[in-house]
Amino acid sequence: MTRASTGARPGLPLPAGFYDRPVLDVARDLLGCVIDHDGVQVRLTEVEAYDGANDPASHAYRGETARNAVMFGPPGHAYVYFTYGMHFCVNLVCGPPGVASAALLRAGEVVAGFDRAASRRGSSTARDLARGPARLCQALDIDRRLDGADVARRGSPLRVLAGSRVPEALVRRGPRVGISKAAEWPWRFWIDGDRTVSAYRPHLARRKNQPGARIEVGEDA
DNA sequence: AAGAGGATGGCCT
DNA sequence: GGCCATCCTCTTC
């Protein structure tokens, strides 16, 4: 279902209806699609699903606040948040209004605007330009000005274009990264073998000398 | 290759 | 006041 699942031919913007589906389906189908902003395009290789009020790891779990309000709105809008005092991350809202599900764009490959992306990122290898959610935002110059942007609207500064569908055999899923709650849920999707997929890092306890907690290697893309 | 620690600010209890 | 959906550098193996 090449056309049906992505909702558009490669290179054309994904319609709003693409996002108005269960977040797990949207997250998986975003693999291979291209996010475009201000002269840089990134082909997505890693996406995570967050399921609104049902998901203890979601920013929406404790209800609507000023910060997460966009998540409670219509699908196809960007939820951009600031974290760790210095980083931005971008999600795409999924499902109907009020559900507050979203897909976190975790990593990708820069396919256009390489020089611009490299300049924004400082000295960085091609592989690392958008390898990780905050790096991806930095390469694309995404910040809070874009919180709420409608990526399906014609003329929007931030857009998402359909790619050719990634074959099922190349889609892998596993635990999400960097969260302490519901981390075991296998709601992270990535393209098998792609070197721009971020390294798997389990949530690190803040305390010093925390023994045990060995994690098996998920993948080395 | 892998782990530790710092940077740094807003959000929520 | 604590906790982050992180990244970078440095250290050690």
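Computed from a predicted model, the values in this text were never measured in an experiment. By convention in this document, chain letters (A, B, ...) are assigned in the order of the sequence lines, proteins followed by strands, and residues within each chain are numbered from 1.
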Return the set of residues passing salt bridge (Lys or Arg N to Asp or Glu O under 4.0 Å) with A:Arg176 (not counting sequence neighbours), or none when no residue passes.
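With sequence neighbours excluded, A:Arg176 shows a salt bridge (Lys or Arg N to Asp or Glu O under 4.0 Å) to A:Asp55, given in chain and number order.
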Give the residues of residues 99-107 of chain A touching DNA chain C, defined as any heavy atom closer than 4.0 Å, sorted by residue number.
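Within residues 99-107 of chain A, the residues near DNA chain C are A:Leu104, A:Arg106.
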Residue pairs passing the ring pair (Phe, Tyr, Trp, His ring centres under 6.0 Å) test where at least one lies in residues 88-145 of chain A, sequence neighbours excluded
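Listed once each, the pairs are A:Phe82-A:Phe88.
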Any pair counted as ring pair (Phe, Tyr, Trp, His ring centres under 6.0 Å), so long as it reaches residues 146-186 of chain A, sequence neighbours left out:
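Checked against ring pair (Phe, Tyr, Trp, His ring centres under 6.0 Å) - neighbours excluded - the pairs reaching residues 146-186 of chain A are A:Trp185-A:Trp187.
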Contact check, side chains of [X] and [Y], non-hydrogen atoms, under 4.5 Å:
X	Y	answer
A:Arg159	A:Val151	no
A:Asp38	A:Arg120	yes
A:Leu129	A:Glu109	no
A:Tyr50	A:Ile179	yes
A:Leu14	A:Leu30	yes
A:Met71	A:Ser58	yes

Pairwise N/O distances under 3.5 Å, protein to nucleotides 8-10 of chain C:
unit_1: C:dC8; atom_1: OP1; unit_2: A:Arg121; atom_2: NH1; d: 2.8
unit_1: C:dC8; atom_1: OP1; unit_2: A:Arg121; atom_2: NH2; d: 3.1
unit_1: C:dC8; atom_1: OP2; unit_2: A:Arg135; atom_2: NE; d: 2.7
unit_1: C:dC8; atom_1: OP2; unit_2: A:Arg135; atom_2: NH2; d: 2.5

When every nucleotide of nucleotides 8-13 of chain B is labelled 5' to 3' by its protein contacts under 4.0 Å (heavy atoms), B for base, S for sugar-phosphate only, - for none, what sequence of letters results?
BBSSSS
How many whole angstroms separate atom [atom1] of [X] from atom [atom2] of [N]?
X	N	atom1	atom2	value
A:Met71	C:dA5	CE	P	11 Å
A:Glu46	C:dA5	CD	C1'	11 Å
A:Arg176	C:dC4	CZ	C1'	15 Å
A:Tyr81	C:dC3	OH	C1'	13 Å
A:Leu136	C:dA5	CG	P	17 Å

Partner residues of A:Asp143 under the side chain to side chain donor-acceptor pair (under 3.5 Å) criterion, sequence neighbours left out:
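Only A:Arg145 meet the side chain to side chain donor-acceptor pair (under 3.5 Å) criterion with A:Asp143.
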For A:Tyr79, what residues pass the side chain to side chain donor-acceptor pair (under 3.5 Å) criterion, not counting sequence neighbours?
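So A:Tyr79 forms a side chain to side chain donor-acceptor pair (under 3.5 Å) with A:His59.
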Using atom names, set out every protein N or O paired with an N or O of nucleotides 11-13 of chain C below 3.5 Å, distance rounded to 0.1 Å.
none

Can you establish whether the number of heavy atoms outside A:Arg62 located under 6.0 Å from its atom CZ is more than 12?
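Counting other residues, nucleotides and ligands, CZ of A:Arg62 stays at 12 neighbours or fewer.
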Given Watson-Crick and G-U pairs under 3.5 Å, DNA chain C in dot-bracket ([ ] crossing, | other strand) is ||||.|||||||.
List the residues meeting side chain to side chain contact (heavy atoms under 4.5 Å, CB included) with A:Pro15, not counting sequence neighbours, and say none if there are none.
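Expected list: A:Ala8, A:Phe18.
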I'd like to check the side chain to side chain contact (heavy atoms under 4.5 Å, CB included) partners of A:Ala139; sequence neighbours left out, ordered by chain and number.
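Here the qualifying residues are A:Ala117, A:Arg121.
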What nucleic acid atoms does A:Ala134 come within less than 4.0 Å of, heavy atoms only: base, sugar-phosphate, or nothing?
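The residue A:Ala134 makes sugar-phosphate contact but no base contact.
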Presence of A:Ser180 side-chain N/O under 4.0 Å of C:dC3 phosphate oxygens OP1/OP2
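Result: no.
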Treating A:Glu46 as the side-chain partner and A:Arg188 as the backbone partner, does any N or O pair qualify as donor plus acceptor under 3.5 Å?
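Absent.
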Check the hydrophobic clustering (I, L, V, M, F, W, Y; side-chain heavy atoms under 4.5 Å; chains of links allowed) and say if A:Leu105 and A:Ile142 are grouped together.
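Yes, it is one cluster - the side chains of A:Leu105 and A:Ile142 are joined through contacts under 4.5 Å.
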